[in-house]
Amino acid sequence: MRKISCAIVAASVIGLVGQAEAANLRFSHFLPPGHYFDNDVHAWADALNAASNGDITVQVFPAGQLGAPADQYDMARDGIVDVAWVNFGYQPGAFPIADLIDIPFSIGADRAVASRAVNDWYSEYAPTEMEDVHFCLAHVGPPGTLHSAEEVILPADVDGMKVRPASAALSQFIADLGGSAVQVPATEARQAIERGVANAITFPWGSLEFFGIADAVPYHIGTNFYYVGAGLVMNKASYERLSDEDKAAVDSVCSSEWAEKLGASWVEFENSGRAALEATGGHTVHDPTETELKAWQDAAEPSFQRWADRVNEAGYDADEVRAKLQAALTSEASK
């Protein structure tokens with residue numbers, strides 16, 4: 001009888017420990033504390049806490065405290081963290097369908113529409129591409145464009161240039177145009193441009209001033225070139241050991257609504273950067289004509305073809321996958 005009682009007590013203690021671990025989720029991302037995105041992450045955490053009636057708390061670890069940017073997905077998969085913000089392009093080729101998001105001119109919509117549509121669209125494929133984690137949501141970061149030390153009007157002007165790209169997809173796009181990619185952190189981009197190591201950068205608007213790059217790149221293309229795909233993933237065991245009620249709370253913040261909200265204040269800051277730069281003077285923003293924009297879009301076709309080849313090789317129909325993204329964008333834009 002005593003043995004049975006001890007066993008019952010032990011089982012109860014183990015159950016309580018499991019619940020305690022599940023109720024305190026470790027969230028990792030690699031942007032600085034106090035960054036606009038970090039603020040949005042805390043808002044997401046507060047919403048989850050409220051939805052779970054206080055059962056779930058979230059401890060946020062910013063600035064890559066627990067691991068490098070490229071390691072975030074693996075950290076969630078392996079249980080080093082419970083939730084991670086993942087930049088899909090930091091693991092080139094790992095998520096062939098998601099790679100479509102990063103291709104220049106793949107998404108011609110404003111960021112709010114783009115994020116909701118990307119989440120709706122990718123939710124169909126994530127269980128296969130990201131089968132070793134619990135997928136929460138996908139979204140896009142701020143739109144970016146090309147900023148340069150010398151004026152650029154057409155794709156041919158990039159030939160021979162050295163460009164700091166925002167993603168692997170943009171690095172390949174620059175190579176297609178005859179340019180070369182210069183891989184330096186954003187914090188070192190200005191120094192690279194001043195030394196001639198680079199003479200252009202693909203970047204959102206507000207961060208030019210934030211990282212002290214603005215004065216080094218007075219020429220800008222005034223249309224959105226690209227988005228960067230990202231999202232939240234969760235350790236499978238961390239999700240599965242939650243109660244049904246707490247799983248429902250997590251599901252409630254893994255939504256297209258939160259795909260739009262997560263990073264929204266960051267995007268607002270970035271988008272305000274263009275007007276701020278133009279107000280300071282000394283900057284030339286070129287808004288492409290329809291013919292010029294078509295030339296840029298055509299220049300991205302090799303990127304789409306490479307993507308399609310990889311997706312077809314993975315067993316999907318690339319034309320169908322791309323058409324579904326466009327359908328999602330059209331649907332969200334009409335709401």
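It should be emphasised that the depicted structure is a prediction, and the values quoted were computed from it without experimental measurement.
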Show me the side-chain donor-acceptor pairs of residues 69-76 shorter than 3.5 Å, one per line, residues at least two apart or across chains.
{"from": "Gln72", "atom 1": "OE1", "to": "Ser28", "atom 2": "OG", "distance (Å)": "2.6"}
{"from": "Gln72", "atom 1": "NE2", "to": "Gly67", "atom 2": "O", "distance (Å)": "3.0"}
{"from": "Gln72", "atom 1": "NE2", "to": "Ala68", "atom 2": "O", "distance (Å)": "3.1"}
{"from": "Tyr73", "atom 1": "OH", "to": "Asp132", "atom 2": "OD1", "distance (Å)": "2.3"}
{"from": "Asp74", "atom 1": "OD1", "to": "Arg77", "atom 2": "NH1", "distance (Å)": "3.3"}

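- Considering all non-hydrogen atoms of both residues, Val217 and Ile193 come closest at CG1-CD1, 3.7 Å.
- Using a 30° and 60° split on the angle between ring planes, Phe269 and Tyr36 fall in the parallel class, below 30°.
- From Tyr122, atom OH reaches atom CG of Leu100 across 11.0 Å, with rounding to the nearest 0.5 Å.
- Nearest approach of Ile97 to Glu129, heavy atoms of both residues: N-OE2, 2.6 Å.
- The aromatic rings of Trp266 and Phe37 lie perpendicular to each other, with more than 60° between the two planes, well past the 30° mark.
- Judged purely by atom type and a 3.5 angstrom limit, Asp120 has no side-chain atom pairing as donor or acceptor with the backbone of Ala328.
- Under the 3.5 Å distance criterion, the side-chain polar atoms of Asn49 are left unmatched by any main-chain donor or acceptor of Ala45.
- Under a 3.5 Å cut-off, the side chain of Ser115 and the backbone N or O of Ala112 do not form any donor-acceptor pair.
- A donor-acceptor pair under 3.5 Å is formed between the side chain of Asn312 and the backbone N or O of Ala318.
- Looking at every heavy atom in both residues, Ala114 comes nearest to Leu329 through CA-CD2, 4.0 Å.
- Taken to the nearest 0.5 Å, the CG atom of Leu137 stands 10.0 Å off from the CH2 atom of Trp258.
- Ala168 and Gly89 get closest at one heavy-atom pair: CB-O, 4.2 Å.
- Salt-bridge formation is detected for the pair Asp176/Arg306: a Lys NZ or Arg NE/NH1/NH2 atom is positioned less than 4.0 Å from an Asp or Glu carboxylate oxygen.
- Note: Trp121 CH2 to Leu325 CG = 5.0 Å, rounded to the nearest 0.5 Å.
- No donor-acceptor pair under 3.5 Å is formed between the side chain of Asp246 and the backbone N or O of Leu242.
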Inset, instruction - Test salt bridge (charged side-chain N to carboxylate O under 4.0 Å, His left out) on Arg274 and Asp287 and set out the steps. - result: CA-CA 12 Å; Arg274 174 173 176 169; Asp287 292 309; 3.1 Å; yes

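- Taking the side-chain hydrogen bond (donor to acceptor under 3.5 Å, both in side chains) definition, one finds that Tyr239 meets it with Asp251, sequence neighbours left out.
- Checking Asp40 against Ser265 by side-chain atom types alone, a donor-acceptor pair falls below 3.5 Å.
- Note that the CZ atom of Phe105 and the CH2 atom of Trp296 stand 7.0 Å from one another [nearest 0.5 Å].
- Among residues at least two apart or in separate chains, side chain to side chain donor-acceptor pair (under 3.5 Å) pairs with a member in residues 322-332 are Arg116-Glu332, Glu124-Lys324, Glu332-Lys335.
- Within a 6.0 Å sphere centred on CD of Glu268, heavy atoms belonging to other residues, nucleotides or ligands number 12 at most.
- Donor-acceptor pairing under 3.5 Å is lacking for the side chains of Asn235 and His134.
- Between the side chains of His283 and His220, at least one donor N or O lies within less than 3.5 Å of an accepting N or O.
- Pairing each heavy atom of Asn119 with each of Ala259, the nearest pair is CB-CB, 3.8 Å.
- Between Lys247 and Glu240 a salt bridge is recorded (basic side-chain N to carboxylate O distance below 4.0 Å).
- Nearest heavy-atom pair, Ile103 versus Trp307, reported as atom, atom and distance to 0.1 Å: CD1-CB, 3.6 Å.
- Counting non-hydrogen atoms of neighbouring residues, nucleotides and ligands closer than 6.0 angstrom, the CZ atom of Phe210 reaches no more than 12 such neighbours.
- Residues meeting the side-chain hydrogen bond (donor to acceptor under 3.5 Å, both in side chains) test with Lys261, sequence neighbours left out: Glu257.
- With contacts defined as side-chain heavy-atom distances shorter than 4.5 Å, the pair Val118/Ile101 qualifies.
- At least one donor-acceptor pair closer than 3.5 Å links the side chain of Asp102 to the backbone N or O of Gly229.
- Sorted by first and then second residue, the side chain to side chain donor-acceptor pair (under 3.5 Å) pairs with a member in residues 185-194 read Arg190-Glu194; sequence neighbours excluded.
- The backbone N or O of Gly93 sits nowhere less than 3.5 Å from a side-chain atom of Arg310 that would complete a donor-acceptor pair.
- Every pair passing side chain to side chain donor-acceptor pair (under 3.5 Å) that includes a residue from residues 203-217 is listed here, sequence neighbours excluded: Ser207-Glu270.
- Contact of the Ile221 side chain with the Pro288 side chain is registered, since non-hydrogen atoms from C-beta on lie closer than 4.5 Å.
- Between the CD atom in Glu292 and the CD atom in Gln297 there is a gap of 12.0 Å [rounded to 0.5 Å].
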Inset, instruction - List the steps, then state whether side chain to side chain contact (heavy atoms under 4.5 Å, CB included) holds for Arg164 with Phe203. - result: CA-CA 9 Å; Arg164 190 271 187 186; Phe203 227 44; 3.7 Å; yes

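- Remark: side-chain polar atoms of Tyr316 are not paired, donor with acceptor, to backbone N or O of Val321 under 3.5 angstrom.
- Under a 3.5 Å cut-off, the side chain of Glu278 and the backbone N or O of Val285 do not form any donor-acceptor pair.
- Panel note: side chain His29, backbone Asp38; no donor-acceptor pair is recorded below 3.5 Å.
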Inset, instruction - Begin with the C-alpha distance, continue with both residues' side-chain angles, and end with the deciding distance and a verdict on side chain to side chain contact (heavy atoms under 4.5 Å, CB included) for Thr57 and Leu25. - result: CA-CA 6 Å; Thr57 58; Leu25 303 181; over 6 Å; no

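- Going from atom OG1 of Thr223 over to atom CG of Leu293 covers 5.5 Å, rounded to the nearest 0.5 Å.
- A centroid separation of 6.0 Å or more is found between the aromatic rings of Phe27 and Trp85.
- In this structure, Glu290 places its CD atom where only 12 or fewer heavy-atom neighbours from other residues, nucleotides or ligands lie under 6.0 Å away.
- Residues Phe95 and Tyr90 keep their aromatic ring centres 6.0 Å or farther apart.
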